[in-house]
2 protein chains.
Amino acid sequence: MNADALRGHLDALLLSVLEHEPRHGYAIIEALRDRSGGVLDLPTGTIYPALRRLERAGFLASEWATVGGRRRRTYRLTGAGRAELAGERSAWTSFTSVIGSVLNPSR
Amino acid sequence: MNADALRGHLDALLLSVLEHEPRHGYAIIEALRDRSGGVLDLPTGTIYPALRRLERAGFLASEWATVGGRRRRTYRLTGAGRAELAGERSAWTSFTSVIGSVLNPSR
DNA sequence: GTCTACATGTAGGCTCTCTATATGTAGCCA
DNA sequence: TGGCTACATATAGAGAGCCTACATGTAGAC
């Protein structure tokens, strides 16, 4: 998976993974790996800054917890985050449609 | 269309538009606009550097022509460019599949 | 006591796309 | 003649985001 290809789509992935349950960073990385069949194995240097960016934007909220002696910062979707996710899903659909129509024009 | 979303996919678009006929930069911009139904209206500052980059990479070759008193640099796909296009198409398919499976998991 | 898994974080680099600007021709219209 | 629009190419610099590399620490297995 080329790094640039992901650009601009990571936010949607993160919001999507947090849609039904809050998760901490490490668990998010695992969830992305699972859902993608092992293809998406994103480095911490990508995930953690992105989560902070999304929180700063108001799409996520976080709180600290300690589980088994380890500190976790657990993120959950805010209302704005849910709206953003809906927008991202719709943007993804039209994006694939547009690129697809250029890449494989039907005529 | 968000600028970041395009990242890493522009090369595929350019190669695709040049697949069946050589074109010069200005005509490539028009072709992209047409094929995308007007959504993709890319600035010259995006297209021209990208074309040079693809030529430097060996995927395109160019030659100058003068038509109606105006100078054009016409680009065509090289053999390596055709191979690259095939790879990009396949990468696009798996990319959409992966992102799609994360965004809308079936379970 | 060492190794792996779990867990979070930052600094700096790299690359690509966009904005803004520059230059020039051809044709239309007033 | 002068101005406007379409045609045509090009570059400098900005901005943004993802990655690499590094730093730090706990828990449990062997």
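Numbered from 1 within each chain, the chains take letters A, B, ... in sequence-line order.
Between the CG atom of A/L60 and the C1' atom of C/dT8 there is a distance of 16 Å, given to the nearest Å. Taking atom CZ on A/R72 and atom P on C/dA5, their separation rounds to 17 Å, with Å as the unit. Separating the CD1 atom of B/I47 from the P atom of D/dC7 is a distance of 16 Å, rounded to the nearest angstrom. The separation between B/I29 atom CD1 and D/dT9 atom P is 8 Å, rounded to whole Å. If you take CG of A/D4 and C1' of D/dG15, they are 14 Å apart, rounded to a whole angstrom. If you take CD of A/E63 and C1' of C/dA7, they are 17 Å apart, rounded to a whole angstrom. If you measure from atom CG of A/D41 to atom C1' of C/dC6, you get 15 Å, rounded to the nearest angstrom. Whole-Å rounding puts the A/L51 CG to C/dT8 P distance at 9 Å.
Residue side chain A/R7 does not reach the base of D/dC18 through any donor-acceptor N/O pair under 3.5 Å, judged by distance alone. For B/T44 against D/dA8, no side-chain N or O and base N or O form a donor-acceptor pair under 3.5 Å.
Comparing C/dC18, D/dA8, D/dC18 by their closest approach to the side chain of A/L6 singles out D/dC18. Of the candidate nucleotides C/dT8, D/dA10, C/dT17, C/dT17 has the atom lying nearest to any side-chain atom of B/L10. Listed candidates were C/dT15, C/dT8, D/dG17. Nearest to the side chain of A/R53 is D/dG17. Checking C/dC6, D/dT9, D/dG17 against the side-chain heavy atoms of A/Y26 singles out C/dC6 as nearest.
One finds a side-chain N or O of A/R52 lying less than 4.0 angstrom from the OP1 or OP2 phosphate oxygen of C/dG9. In terms of phosphate contacts, B/R73 brings a side-chain nitrogen or oxygen within less than 4.0 Å of OP1 or OP2 of D/dA10. At the phosphate of D/dT9, OP1 or OP2 sits under 4.0 Å from a side-chain N or O atom of B/Y48.
Sparse packing is recorded around CD of B/E63, with 12 or fewer heavy atoms of other residues, nucleotides or ligands lying under 6.0 Å away. Applying the 6.0 Å contact sphere to CD of B/E30 captures more than 12 heavy atoms from other residues, nucleotides or ligands.
Closest-nucleotide positions on DNA chain D for A/A50 and A/G68 were compared, and the one nearer the 5' end corresponds to A/A50. Of the two residues near DNA chain C, B/R70 and B/P43, the one whose nearest nucleotide lies more 5' is B/P43.
Side-chain contact between B/W92 and A/T96: present, with at least one pair of heavy atoms (C-beta onward) separated by less than 4.5 Å. By the 4.5 Å heavy-atom criterion applied to side chains, B/L103 and A/H9 are not counted as neighbours.
When every heavy atom of A/D4 is checked against every heavy atom of B/G8, the shortest pair comes out as CB-CA, 3.9 Å.
Using a 4.0 Å heavy-atom distance criterion, A/G45 is classed as a base contact.
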